[in-house]
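Sequence lines set the chain letters: A, B, ... in the order given, protein chains first and strands last, and positions in each chain run from 1.
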Protein chains: 2
Amino acid sequence: MKTAREQCEASNTLKNAGLSQTSHRKRILHILIHADTPLSVSDILRQLDQERKMNKVTVYRILSSFKSEGIIREIPTDHGVNRYEMACQHNPVHPHVYCRICRTMTCMPPITLSQVWDLFAAPSDFRIDNINVSITGLCRTCQRK
Amino acid sequence: MKTAREQCEASNTLKNAGLSQTSHRKRILHILIHADTPLSVSDILRQLDQERKMNKVTVYRILSSFKSEGIIREIPTDHGVNRYEMACQHNPVHPHVYCRICRTMTCMPPITLSQVWDLFAAPSDFRIDNINVSITGLCRTCQRK
DNA sequence: ATCATAAATGCAACAGGGTTGCAAATATTA
DNA sequence: TAATATTTGCAACCCTGTTGCATTTATGAT
């Protein structure tokens, strides 16, 4: 029985997705695998730059390919900044809690929507302003193109 | 029994929220009330400009005050563009379906998350890439400030 | 190993959403 | 109607994310 972190190991992940084994991709995977919250591009750049700089365009392109291959999941926020988490470590899909002031995002256990409501009906540390459920994909028209 | 559109009527909405009755606010409310999908700021500006131009800063500020007062609900998208819907016309909170190509957003009936899964497990016109559940608000630390 | 080809990366410049400071215009209250 | 507080417009700006093109790096066949 492998742990989620082993299953997500960089070179296997890239091989399974049919992506070439570049040092850039491995570095970004390494950061995502060891993150304990979903990361933004600026979070990733900051971590990369501690060791060796990487161009932001490269980061965007790598994340874009990871997203297409289903390696990572993208989470939009109110502030227009997307965050990313490893799909294999964060299964199944689960709610995220986001503070609109300090912009901290944390993962919740994978429960149903009505359970989310129940959870926050009780007195809690977190004051909810808004709950969003978004289903993103391709509409019928755009699938044909 | 009033219809949702009557309940949302502009001058009452502003009065209840304690906001002054400016023509700008009424124009934006009018557009939101008559929208059949959640609108982005550029959607709103485009509609406004057909009649008489309004500065985009004003639109952002008005939407921001509406959001603080709970008059409208904000829905983030993968593309970093927020969309807005009248809270009183769109109760309770419900999922949104968003096409990542044409960027069309539509409202779904207010069902639970597991029902959403069931709905899309069956053959469907819409191909799901990603489901996001986000709870936005204030964490304990930021509530104190 | 080495070479040719395809893919990945860096750089500069750009596009668009959203924000801030300040001056001018408008609404509210007395 | 005048005084004050609020709202609006304008210019300039910040940040996220994208595009085109030149350069570098990985891959696959010889």
> dT16(D), dT9(C), dA12(C): which one has an atom nearest the side-chain heavy atoms of Arg25(A)?
Replying inline: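 The answer is dT9(C).
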> Counting side-chain heavy atoms from CB outward, which of dC10(D), dC11(C), dT16(D) is closest to Lys56(A)?
Replying inline: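 Closest of the options to the side chain of Lys56(A): dT16(D).
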In whole angstrom, give the distance that lies between atom [atom1] of [X] and atom [atom2] of [N].
X	N	atom1	atom2	answer
Arg52(B)	dT26(C)	CZ	P	11 Å
Leu45(A)	dT9(C)	CG	P	14 Å
Lys53(B)	dT8(D)	NZ	P	18 Å
Arg46(A)	dC15(D)	CZ	C1'	13 Å
Asn55(A)	dC21(D)	CG	C1'	14 Å
Lys26(B)	dT26(C)	NZ	C1'	13 Å
Ile28(A)	dA8(C)	CD1	C1'	12 Å
Leu14(A)	dA26(D)	CG	P	13 Å

If only side-chain N and O atoms of [X] are considered, is one of them under 4.0 Å from the OP1 or OP2 phosphate oxygen of [N]?
X	N	answer
Asn82(B)	dG18(C)	yes
Thr22(A)	dA7(C)	no
His24(A)	dG10(C)	yes
Ser23(A)	dT25(D)	no
Thr58(A)	dG10(C)	yes
His79(B)	dT18(D)	no

> Is Val57(B) touching bases, backbone alone, or none of the nucleic acid, heavy atoms closer than 4.0 Å?
Replying inline: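 The answer is base, as Val57(B) lies within the cut-off (heavy atoms under 4.0 Å) of a base atom.
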Can you tell me if [X] uses its side chain to pair, donor with acceptor, with the backbone of [Y] under 3.5 Å?
X	Y	answer
Arg83(B)	Met105(B)	no
Arg27(A)	Arg52(A)	yes
Asp78(A)	Tyr98(A)	no
Asp125(B)	Cys139(A)	no
Arg25(B)	Ser20(B)	yes

> How long is the span from the CG atom in Leu29(B) to the CD1 atom in Ile71(B), to the nearest 0.5 Å?
Replying inline: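 That separation rounds to 6.0 Å.
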>> With rounding to the nearest 0.5 angstrom, report the CG to CD1 distance, Leu63(A) to Ile72(A).
In response: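 Result: 4.5 Å between the selected atoms.
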> Which angle, to the nearest 10 degrees, lies between the helix axes at the two ends of the helix from dA1(C)-dT30(D) to dA30(C)-dT1(D), each defined by five pairs?
Replying inline: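 Computed from the C1' atoms at both ends, the axes differ by 40°.
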> Hey, which of these two, Gln21(A) or Val81(A), hits DNA chain D nearer its 5' end, going by closest nucleotide?
Replying inline: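 Its nucleotide being nearer the 5' end, the pick is Val81(A).
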> Heavy-atom contacts under 4.0 Å between residues 59-75 of chain A and DNA chain C, which residues?
Replying inline: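 Listed by number, they are Arg61(A), Ile62(A).
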> Who are the ring-ring contact (aromatic ring centres under 6.0 Å, His included) partners of His30(B), not counting sequence neighbours?
Replying inline: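 Expected list: His34(B).
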> Is there a donor-acceptor contact under 3.5 Å linking the side chains of Thr58(A) and Asn55(A)?
Replying inline: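 On atom types as modelled, these side chains do not qualify, holding no pair under 3.5 Å.
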>> Less than 3.5 Å apart, any donor N or O on the side chain of Ser42(B) or Ser40(B) sitting next to an acceptor on the other?
In response: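 Ser40(B) and Ser42(B) do have a side-chain donor-acceptor pair below 3.5 Å.
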>> Reading DNA chain C from 5' onward, which residue's closest nucleotide shows up sooner: Ser20(A) or Asp78(A)?
In response: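 Nearest nucleotide further toward 5': that of Ser20(A).
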